[in-house]
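Beneath this line is the structure, given in structure tokens, with notes to follow.
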There are 2 protein chains.
Amino acid sequence: MAIGSRTARPRSSVWLSERKAPKRKGDQQPVGLDHLKIVAATMRLLDAEGLSGFSMRRLAAELGVTAMSVYWYVETKDHLLELALDAAMGEIALPIEAVGSIEAVGSVEAVGSVEGHEYAPAEPRDWREQLRQVASEYRRVLVRHPWLPALLGEYLNIGPNAVVFNNAALAVMRNSGLPDDRITSALALVYQFVYGFGTIEGRFAARCRAAGVTQDELFHEMMGTVEDRMEFDEARQIMEARGGSTVEEMQDRDFTFALDLAIAGIETLRER
Amino acid sequence: MAIGSRTARPRSSVWLSERKAPKRKGDQQPVGLDHLKIVAATMRLLDAEGLSGFSMRRLAAELGVTAMSVYWYVETKDHLLELALDAAMGEIALPIEAVGSIEAVGSVEAVGSVEGHEYAPAEPRDWREQLRQVASEYRRVLVRHPWLPALLGEYLNIGPNAVVFNNAALAVMRNSGLPDDRITSALALVYQFVYGFGTIEGRFAARCRAAGVTQDELFHEMMGTVEDRMEFDEARQIMEARGGSTVEEMQDRDFTFALDLAIAGIETLRER
DNA sequence: ACCTGAACACCGTTCAAGT
DNA sequence: ACCTGAACACCGTTCAAGT
């Protein structure tokens with residue numbers, strides 16, 4: 001099988017529980033295993049094999065260590081995955097204008113994220129530009145880590161990097177000029193869209209990689225299968241009108257125009 | 001743990017492989033086990049225990065049968081979950097105007113779905129009304145079955161009911177007046193939004209059920225935790241401006257206005 | 001045609017024990 | 001302070017066997 005598992009629903013989050021080890025730096029012998037290496041190896045494994053290919057035992061083997069050693073650093077597999085999740089959130093490059101106080105960024109380090117957020121070099125720009133940047137960065141990270149959506153769905157995503165991201169997203173939307181009581185709606189529209197879009201895009205790419213075919217090959221194969229199955233005149237007509245000769249082009253067009261729709265909607269309803 | 005598992009990525013879909021059994025009706029002894037009952041029990045278990053609480057062995061026990069009996073009817077756990085996924089898609093009530101040819105509906109039955117699509121009683125209406133209906137129906141089903149998003153992310157979702165749903169969604173959007181080459185974008189914006197929105201809404205509700213608290217209780221608890229953690233003036237201001245005294249009210253407001261934004265965007269860009 | 005039981009290769013995690 | 005090995009309770013699935 002591919003999803004689902006046996007133990008009970010987790011009731012806690014890494015971010016809501018105490019650190020397992022004080023994690024002081026100048027310790028005696030550097031044994032070659034620590035939080036950073038473990039999370040990095042976790043992400044490498046997840047990228048390469050997917051969530052279903054990941055197990056604590058596989059990870060230990062990857063680290064050249066016995067199955068249970070990892071448990072000295074990490075409470076459960078769930079906590080480890082939450083760390084990987086927040087590390088991925090940290091890869092979303094945010095417009096510098098949207099990143100708030102230095103304290104927020106400092107607290108990222110304080111709770112032990114793997115890497116801080118990256119910041120795109122940018123001068124202050126239009127809120128639309130900033131929105132487009134955050135959206136497409138988020139999309140890129142979702143595609144790069146196809147395991148991310150499952151974790152986003154499973155855990156609370158209140159890690160330090162997630163908080164920075166959410167604040168930045170909110171800051172950008174506040175510049176749109178929408179009244180305060182509409183901001184959460186607009187945020188939901190844009191980011192849930194990006195989430196869903198990036199999810200299927202990343203999954204499709206991963207599927208192609210696993211099957212050893214190009215995206216265009218798999219796309220045409222699937223279209224063929226579906227067309228064989230039933231009458232699809234309407235759908236086919238739309239698909240052909242979609243434009244773009246490659247899957248990548250179609251995706252970029254769809255993504256860009258969908259964002260344009262959302263932005264146009266915001267601008268239109270702002271005036272009312 | 002809660003997600004991920006051990007076996008390799010599935011390369012096939014129920015919908016792309018042959019039926020295991022010819023499934024003829026007038027057989028000798030009715031043993032009390034069949035496709036319908038199995039899928040129904042699966043959905044009941046998933047609703048009650050979640051994806052992580054579901055296993056072939058639990059299901060067999062639920063059916064009062066030995067662990068391996070189910071395998072006579074169903075090839076793998078993955079295939080069974082695909083059947084449950086499409087059955088859930090069939091619960092989305094579609095506006096009768098948007099449901100195409102009778103053949104499409106006929107083919108639903110032909111491939112053995114659990115129940116056909118429901119059709120809301122409706123006279124022909126504005127495309128905006130239809131869009132709102134499909135969106136909120138989709139949302140309702142996502143909330144009712146919190147395991148649905150994980151399955152939607154994992155499998156191809158090309159079952160008969162999914163095909164009917166997609167065609168209906170497309171038919172509605174075609175009535176918006178957008179040019180053909182923009183339809184897929186608009187569909188992505190609306191349905192990925194609903195998917196993401198319904199996902200977190202359903203997950204939140206499930207979490208409350210599991211913890212035995214009301215949604216409002218958990219919401220305030222979480223707000224408290226997050227506020228304690230770091231400076232959150234902006235976010236708090238927005239949250240307070242959000243309006244609505246209960247979580248449910250906030251969610252309904254957010255959902256409705258986000259859809260309004262999308263519709264306004266479609267209408268605005270349609271004119272250009 | 002339908003169902004069972006034993007077995008296999010995997011899990012996450014606990015726990016006592018090593019150094 | 002860090003790592004190991006054996007063990008427990010669970011998986012999905014195969015396979016030979018029952019009726």
Side-chain angles (χ1 to χ4, degrees), chain A residues 1-12 14 19-38 42 45 49-82 154, chain B residues 1-12 14 19-38 42 45 49-82 154:
Chain A
M1 66 155 281
I3 45 180
S5 164
R6 77 193 68 106
T7 59
R9 172 170 303 282
R11 75 195 90 261
S12 82
V14 223
R19 241 60 206 123
K20 195 166 186 182
K23 198 84 244 313
R24 71 199 80 158
K25 279 224 162 178
D27 257 4
Q28 29 219 37
Q29 74 262 40
V31 244
L33 208 59
D34 59 26
H35 245 110
L36 261 84
K37 270 188 198 145
I38 288 174
T42 298
L45 243 172
E49 316 273 358
L51 194 56
S52 56
F54 178 80
S55 78
M56 295 302 270
R57 288 166 140 107
R58 285 272 286 115
L59 172 65
E62 191 80 4
L63 290 164
V65 105
T66 210
M68 295 301 97
S69 308
V70 185
Y71 279 94
W72 199 87
Y73 296 91
V74 140
E75 201 139 351
T76 63
K77 184 184 179 185
D78 280 305
H79 281 199
L80 178 53
L81 290 178
E82 275 193 277
E154 186 67 16
Chain B
M1 68 158 280
I3 45 181
S5 165
R6 77 195 66 105
T7 59
R9 172 170 301 282
R11 75 195 91 261
S12 82
V14 223
R19 240 66 205 121
K20 196 167 184 182
K23 197 86 246 314
R24 74 199 80 156
K25 281 224 159 178
D27 257 3
Q28 31 219 40
Q29 74 261 41
V31 243
L33 207 59
D34 58 28
H35 245 110
L36 260 85
K37 270 190 198 144
I38 289 174
T42 298
L45 244 172
E49 316 272 357
L51 194 55
S52 56
F54 178 81
S55 77
M56 295 301 272
R57 287 165 141 109
R58 286 271 286 114
L59 172 65
E62 191 80 5
L63 290 165
V65 106
T66 210
M68 295 302 96
S69 308
V70 184
Y71 280 95
W72 199 88
Y73 297 91
V74 140
E75 201 138 352
T76 64
K77 184 184 178 185
D78 280 305
H79 281 198
L80 177 53
L81 290 177
E82 276 192 274
E154 187 66 16

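Lettering of chains follows the sequences in order, A, B, ..., and the numbering in each one begins at 1.
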Item to check | Within-4.5 Å side-chain heavy-atom neighbours: Leu80(B) and Met56(B) | outcome: yes
Next on the checklist: Could you tell me how far apart Tyr73(A) (OH) and dT13(C) (C1') are, to the nearest whole angstrom?
Outcome noted: 18 Å
Checklist entry - How would DNA chain D look in dot-bracket form, 5' to 3', counting Watson-Crick and G-U wobble pairs with both distances under 3.5 Å and writing | for bases paired to another strand? => result ||.|||||...|||||.||
Next on the checklist: Using whole Å, what does the distance between atom P of nucleotide dC11(D) and atom CZ of Phe54(B) come to?
Outcome noted: 11 Å
Next on the checklist: What is the distance, to the nearest angstrom, from the CZ atom on Arg58(A) to the C1' atom on dA9(C)?
Outcome noted: 15 Å
Checklist entry - Does a side-chain N or O from Tyr71(A) land closer than 4.0 Å to OP1 or OP2 of dC2(D), or not? => result no
Item to check | Distance, rounded to the nearest Å, where Trp72(B) contributes CH2 and dA1(C) contributes P | outcome: 7 Å
Checklist entry - Rounded to whole angstrom units, what separation is found between the CG atom of Leu51(A) and the C1' atom of dG12(C)? => result 14 Å
Checklist outcome for this item: In terms of heavy-atom contacts, Leu45(B) and Glu62(B) come closest through CD1-CB, 4.3 Å
Item to check | Between P of dC11(D) and CZ of Arg57(A), the distance in whole Å | outcome: 15 Å
Checklist outcome for this item: Under a 4.0 Å heavy-atom cutoff, the residues of residues 60-69 of chain B touching DNA chain C are Val65(B), Thr66(B), Met68(B), Ser69(B)
Item to check | For atom NE2 of His79(A) and atom P of dG12(C), their distance in whole Å | outcome: 15 Å
Checklist entry - Once you round it to whole Å, what is the distance between P of dT13(C) and CG of Leu81(A)? => result 10 Å
